[in-house]
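The block underneath contains the structure these notes are about, expressed in structure tokens.
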Amino acid sequence: MSVFVTAAVQEQLDYAQSQIDRHTADSGNGRCLACGEDDPCSLRLVAAHVFARYGQLPRRAPGASRPEQVGTPKPWPGWLGGSTG
């Protein structure tokens, strides 16, 4: 089902999307990359309310939260501590 939105609404959604893209929390410390506030920052919340008002969802940008900065678990060494004999 398609939903028609006016040009003014689309402009609001586009601006809200740009704010969500810019105000993404860093996975490493949970703080906004743009303003440094704890996640979710106030500008991200305002942008999220715009999407909620119109029943839309923002687009996601894979990797935006920099997940590579979070410590990844070490590979499991196996039952014998990784020795192969």
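Two different hydrophobic clusters hold Tyr15 and Val46 under the rule that ILVMFWY side chains link at heavy-atom gaps under 4.5 Å.
Minimum interatomic distance between Phe51 and Ala16 (heavy atoms only, all atoms of both residues): CE1-CB, 3.6 Å.
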Show every donor-acceptor pair shorter than 3.5 Å between a side-chain atom in residues 6-13 and any protein atom, with sequence neighbours excluded, or say none if there are none.
from: Thr6; atom 1: OG1; to: Val9; atom 2: N; distance (Å): 3.3
from: Gln10; atom 1: NE2; to: Asp14; atom 2: OD1; distance (Å): 2.8
from: Gln12; atom 1: OE1; to: Tyr54; atom 2: OH; distance (Å): 3.0

Atom pairs and distances, donor-acceptor, side-chain atoms in residues 35-44, under 3.5 Å, two or more places apart:
from: Glu37; atom 1: OE1; to: Ser42; atom 2: N; distance (Å): 3.1
from: Glu37; atom 1: OE2; to: Ser42; atom 2: OG; distance (Å): 3.3
from: Asp38; atom 1: OD1; to: Arg31; atom 2: NH1; distance (Å): 2.5
from: Arg44; atom 1: NH1; to: Ile20; atom 2: O; distance (Å): 3.0
from: Arg44; atom 1: NH1; to: His23; atom 2: O; distance (Å): 3.0

